[in-house]
Amino acid sequence: MSLPPPSGGAPTVVAVVVTRQRPELLKQSLAALGAQIRPVDGLVVVDNGPDEATAAAVAACGIPATYLPSRRNLGGAGGFALGMLTALAQGADWVWCADDDGRPADDAVLATLLAVAEERGLAEVSPAVVDQDDPRRLAFPLRRGLRWRRTLADFADMDLLPQYASLFNGALFRATTIEAVGVPDLRLFLRGDETEVYRRLVRSGLPFGTSLKAAYVHPQGTDEFLPIIGGRLSAQYPSDETKRFYVYRNRGYLTAQPGMRWLLPLELVRFSWFFLSRKDLGGLRTWLGLVRQGRRERFTRPR
């Protein structure tokens with residue numbers, strides 16, 4: 001469908017949500033989107049594992065919605081790519097991205113993001129992503145210089161973090177920004193697709209940032225980051241083997257890209273230390289093989 005612009009010539013905002021077999025979480029996310037004081041004008045839901053409960057949740061959400069059931073699991077990368085392109089095709093001026101396991105913290109998030117973007121002339125603006133169990137804490141701690149910042153209080157003297165964004169958790173993109181930066185790379189499937197778009201956003205030279213006036217709640221994301229070298233660094237080690245495959249292969253690809261090549265020596269130190277300290281030579285060989293696979297752009301999925 002094509003969406004008419006809202007009354008008064010205001011820009012059209014289309015929310016894009018990617019989901020897979022989590023209808024109860026999706027209902028919470030859609031309810032928060034539907035409660036915004038600046039309403040979204042349309043919704044695109046990409047369902048990577050179509051089922052009746054998910055379709056029913058979308059139909060009942062009260063937002064003009066396009067439901068896209070995908071018979072092939074496109075992952076987060078392909079799901080957002082499909083959803084963002086669909087939103088653009090429908091005439092969106094702004095595209096607001098969300099996962100099914102996160103949601104705006106209150107009913108003013110969209111209005112705040114739009115206001116900050118217009119005031120600051122931003123091409124993309126994100127809310128602070130906070131822990132759903134303790135909204136005073138960040139869901140993804142942020143390193144600034146040599147210091148890890150883990151709470152909103154650590155940024156009490158700021159209202160905007162320029163040139164930083166935790167994609168795609170509540171990220172609001174101008175349509176022209178997506179045209180300049182592109183959509184996520186389907187080949188990455190999951191894990192690292194948001195970092196790759198962030199890399200492109202940085203290299204584009206466009207102004208963007210994270211507004212600390214708005215928050216987006218999300219499950220805590222630090223559990224799979226294990227401290228090494230006395231806590232000075234951490235190594236990402238998801239408990240799930242499939243997630244490890246995508247994390248390590250995709251990081252291999254990313255460290256071969258302009259703007260991120262400097263990370264490879266640090267990755268070699270980080271993961272060599274991590275696996276050797278655990279006496280896990282097999283894990284180190286697997287990690288090296290997946291990194292090599294990513295750097296060679298071998299994007300076959302595990303069987």
Side-chain angles (χ1 to χ4, degrees), residues 3 5-6 8-18 32-33 36-44 80-81 83-88 90-99 102-130 138-140 142-144 149 152 154-184 193-218 258-260:
L3 298 170
T12 301
V13 180
V14 175
V16 173
V17 179
V18 178
L33 294 178
Q36 295 298 296
I37 57 174
R38 195 298 188 186
V40 296
D41 303 297
L43 169 69
V44 175
F80 275 117
M84 294 167 83
L85 289 172
T86 301
L88 292 185
Q90 292 178 353
D93 298 304
W94 291 90
V95 178
W96 196 21
C97 299
D99 275 323
R103 62 190 183 278
D106 57 55
D107 61 4
V109 172
L110 178 56
T112 300
L113 293 177
L114 285 169
V116 170
E118 294 297 348
E119 177 186 342
R120 302 272 189 152
L122 300 178
E124 183 278 340
V125 61
S126 290
V129 185
V130 299
L138 298 175
F140 305 100
L142 175 60
R143 188 165 188 154
R144 305 292 280 183
R149 303 197 183 196
L152 287 177
D154 290 330
F155 298 97
D157 59 338
M158 306 176 67
D159 59 11
L160 182 77
L161 288 175
Q163 303 305 107
Y164 173 78
S166 178
L167 307 177
F168 290 99
N169 304 299
L172 181 66
F173 292 86
R174 290 184 192 267
T176 51
T177 303
I178 298 173
E179 291 172 348
V181 172
V183 296
D193 53 305
E194 71 289 345
T195 305
E196 210 278 313
V197 173
Y198 174 77
R199 180 192 72 85
R200 288 187 245 154
L201 194 54
V202 170
R203 289 179 60 80
S204 73
L206 294 170
F208 67 98
T210 293
S211 172
L212 298 169
K213 297 178 179 179
Y216 184 90
V217 297
H218 188 277
M260 295 194 71

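Because only heavy atoms are used, hydrogens play no part in the values below, and waters and symmetry mates are left out as well, while side chains stay in. Numbers here are sequence positions counted from 1.
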To the nearest 0.5 angstrom, please state how far the [atom1] atom of [X] sits from the [atom2] atom of [Y].
X	Y	atom1	atom2	value
Gln90	Leu43	CD	CG	9.5 Å
Leu201	Leu167	CG	CG	6.5 Å
Met158	Leu212	CE	CG	6.5 Å
Glu194	Asn169	CD	CG	8.0 Å

Stepwise, does the side chain to side chain contact (heavy atoms under 4.5 Å, CB included) test hold for Val181 with Val197?
-> CA-CA 7 Å; Val181 172; Val197 173; 4.2 Å; yes
Tell me the salt bridge (Lys or Arg N to Asp or Glu O under 4.0 Å) pairs involving residues 107-117, sequence neighbours left out?
-> none
Answer whether the closest heavy-atom distance between the side chains of [X] and [Y] falls below 4.5 Å.
X	Y	value
Val17	Arg103	no
Gln36	Pro104	yes
Leu88	Phe173	no
Met84	Pro184	yes

Write down the atom of [X], the atom of [Y], and the distance for their closest heavy-atom approach.
X	Y	value
Val16	Ala87	CG2-CB, 4.1 Å
Pro207	Gly121	CG-O, 3.3 Å
Ala171	Glu124	CB-OE2, 3.3 Å

Partners passing salt bridge (Lys or Arg N to Asp or Glu O under 4.0 Å) against Asp154 (at least two apart in sequence or in another chain) | Arg147
Sole candidate of Thr177, Leu160, Leu206 that passes side chain to side chain contact (heavy atoms under 4.5 Å, CB included) when paired with Leu122 = Leu160
Partners of Tyr216 by ring pair (Phe, Tyr, Trp, His ring centres under 6.0 Å), sequence neighbours excluded?
-> none
Residues passing the ring pair (Phe, Tyr, Trp, His ring centres under 6.0 Å) test with Phe80, sequence neighbours excluded, are Phe168
Can you pull the side-chain hydrogen bond (donor to acceptor under 3.5 Å, both in side chains) pairs that have at least one residue in residues 198-215, sequence neighbours excluded?
-> Glu196-Arg199, Glu196-Arg200
Who are the side chain to side chain contact (heavy atoms under 4.5 Å, CB included) partners of [X], not counting sequence neighbours?
X	value
Ala214	Val109, Thr112, Leu113, Pro127
Ala111	Ile37, Arg38
Glu118	Trp94, Arg174

Check for a donor-acceptor pair, side chain of Trp96 on one end and backbone N or O of Leu110 on the other, with a separation under 3.5 Å.
-> no
Do the side chain of Asp41 and the main chain of Val14 share a donor and acceptor less than 3.5 angstrom apart?
-> no
Begin from the C-alpha positions of Ile178 and Val95 and carry the test side chain to side chain contact (heavy atoms under 4.5 Å, CB included) through to its verdict.
-> CA-CA 9 Å; Ile178 298 173; Val95 178; 3.7 Å; yes
What residues, two or more places apart in sequence or in another chain, satisfy side chain to side chain donor-acceptor pair (under 3.5 Å) together with Asp106?
-> none
